[in-house]
Amino acid sequence: MAEAEVLYRAALAGKRASLGAVHPDTALTLHNLAVVVADRGDTSKAYVLAERAYRILAATVDGGHPALAAAADNRRRLRVPS
């Protein structure tokens, strides 16, 4: 596991503990973790993280929020064609 991934996982644990699992800041950390995981080539795991980030943001921010757009784009980019 790359150092960046370890750091994002630790940050995610801290955000979940302090802010809860369904919070925009927690979702942004999930989104960033998805990018790191995708960069190391594990797109299926990255997609799961990106999907979770998108769902949290969709439930917690307004539809025009730039983080929601970025999460949607990341999720779309990582989706494996059926």
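Values below: all heavy atoms of this structure, side chains included; hydrogens, waters and symmetry mates excluded. One is the number of the first residue; the rest follow in order along the sequence.
- Leu68 approaches Asp62 most closely through the heavy-atom pair CD2-O, 3.9 Å.
- With contacts defined as side-chain heavy-atom distances shorter than 4.5 Å, the pair Leu30/Arg16 qualifies.
- Nearest approach of Ala67 to Leu57, heavy atoms of both residues: O-CD1, 3.7 Å.
- Evaluated for a side chain to side chain donor-acceptor pair (under 3.5 Å) with Lys15, the options Thr26, Asp25, Thr29 yield exactly one hit, Thr29.
- Of all heavy-atom pairs spanning Ile56 and Ala21, the tightest one is CD1-O, 3.2 Å.
- Arg75 CZ to Tyr47 OH: the interatomic distance, rounded to the nearest 0.5 Å, is 5.5 Å.
- When every heavy atom of Ala50 is checked against every heavy atom of Ala34, the shortest pair comes out as N-CB, 3.7 Å.
- Atom-to-atom distance recorded for Leu49:CG and Asn32:CG is 11.0 Å, nearest 0.5 angstrom.
- The CZ atom of Arg77 sits 4.5 Å away from the CG atom of Asn74 when rounded to the nearest 0.5 Å.
- Nearest heavy atoms, Ala53 versus His31: CB-N, 3.7 Å.
- Here the side chains of Leu33 and Glu5 are in contact, with some heavy-atom distance below 4.5 Å.
- Using a 4.5 Å heavy-atom cutoff, the side chains of Glu51 and Val48 are not in contact.
- Atoms CG and CG, on Leu12 and Leu7 in that order, are 12.5 Å from each other to the nearest 0.5 Å.
- Looking at Met1 and Arg9, their side chains come closer than 4.5 Å, going by heavy atoms from C-beta outward.
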